[in-house]
Amino acid sequence: MFAELQCVVLDCRDPKRLAEFYRSLLGGTVDQPDRRWSLGADWSTLHAPNGLVLAFQRVSEYQPPQWPDPSKPQQFHLDFGVPDLDAAEEEVLACGATVLDAGSPGQSWRVYADPAGHPFCLVRH
């Protein structure tokens with residue numbers, strides 16, 4: 001094991017509104033300060049009482065899923081916290097992941113696809 005699940009990230013049009021929706025279901029705190037990410041108009045979070053963190057990411061051309069239409073499938077990605085991005089990248093590539101976005105110098109995350117094509121991020125913690 002070399003990573004830990006940080007949060008589940010859902011794409012949406014209005015991150016704050018969706019965070020408030022899930023807060024009304026689960027309780028917790030919307031946009032609690034957290035050293036792992038920046039909050040803003042494009043990113044909102046919910047820290048649930050049980051420790052679960054949901055994050056909500058603005059996507060300007062967001063198209064909601066249409067269950068069970070495969071042309072508009074379910075959409076989310078996982079963020080995994082790692083102490084060393086380079087070492088973790090070697091591990092995920094060896095496990096069968098592919099790089100989708102290697103990031104820019106100094107960036108604290110990188111985007112990969114699992115073997116089935118689902119995106120996930122490694123985030124330095």
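Values in this document were obtained by computation on a predicted structure and should not be read as measured data.
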I need the minimum non-hydrogen distance between [X] and [Y], along with the two atoms involved.
X	Y	answer
Pro73	Pro65	O-CB, 3.5 Å
Gln32	Leu39	O-CD1, 3.9 Å
Val82	Leu85	CG2-CD2, 4.0 Å
Trp37	Gln6	CZ3-NE2, 3.7 Å
Ala19	Thr45	CB-O, 4.0 Å

Check side-chain hydrogen bond (donor to acceptor under 3.5 Å, both in side chains) between [X] and all other residues, then give those that pass, not counting sequence neighbours.
X	result
Asp31	Lys16, Ser44
Asp34	Arg36, His47
Arg17	none

Can you find a heavy atom in the side chain of [X] that is under 4.5 Å from one in the side chain of [Y]?
X	Y	result
Val8	Leu78	yes
Asp79	Trp109	no
Val9	Phe76	no
Leu100	Tyr112	no

Would you give the length of the straight line joining atom [atom1] of [X] to atom [atom2] of [Y], rounded to the nearest 0.5 angstrom?
X	Y	atom1	atom2	value
Leu26	Asn50	CG	CG	7.5 Å
Arg58	Cys12	CZ	SG	7.5 Å
Arg13	Gln63	CZ	CD	6.0 Å
Trp43	Ser38	CH2	OG	10.0 Å
Cys7	Leu46	SG	CG	11.0 Å
Met1	Glu4	CE	CD	6.5 Å

query: Do any pairs count as a ring-ring contact (aromatic ring centres under 6.0 Å, His included) and have a residue in residues 1-32, sequence neighbours left out, and if so which ones?
result: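 ring-ring contact (aromatic ring centres under 6.0 Å, His included) check on residues 1-32 returns Tyr22-Phe56.
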- request: Scan for ring-ring contact (aromatic ring centres under 6.0 Å, His included) pairs involving residues 81-102, sequence neighbours excluded, and state none if there are none.
  value: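 Those involving residues 81-102 do not exist here.
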Which side-chain N or O atoms in residues 115-125 pair as donor and acceptor under 3.5 Å with protein atoms at least two apart or in another chain?
{"unit_1": "His118", "atom_1": "ND1", "unit_2": "Asp114", "atom_2": "OD1", "d": "3.4"}
{"unit_1": "His118", "atom_1": "ND1", "unit_2": "Asp114", "atom_2": "OD2", "d": "3.0"}
{"unit_1": "Arg124", "atom_1": "NH2", "unit_2": "Gln107", "atom_2": "O", "d": "3.3"}

- prompt: Under the 3.5 angstrom rule, does the side chain of Arg110 hit a backbone N or O of Val99 as a donor-acceptor pair?
  reply: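 No.
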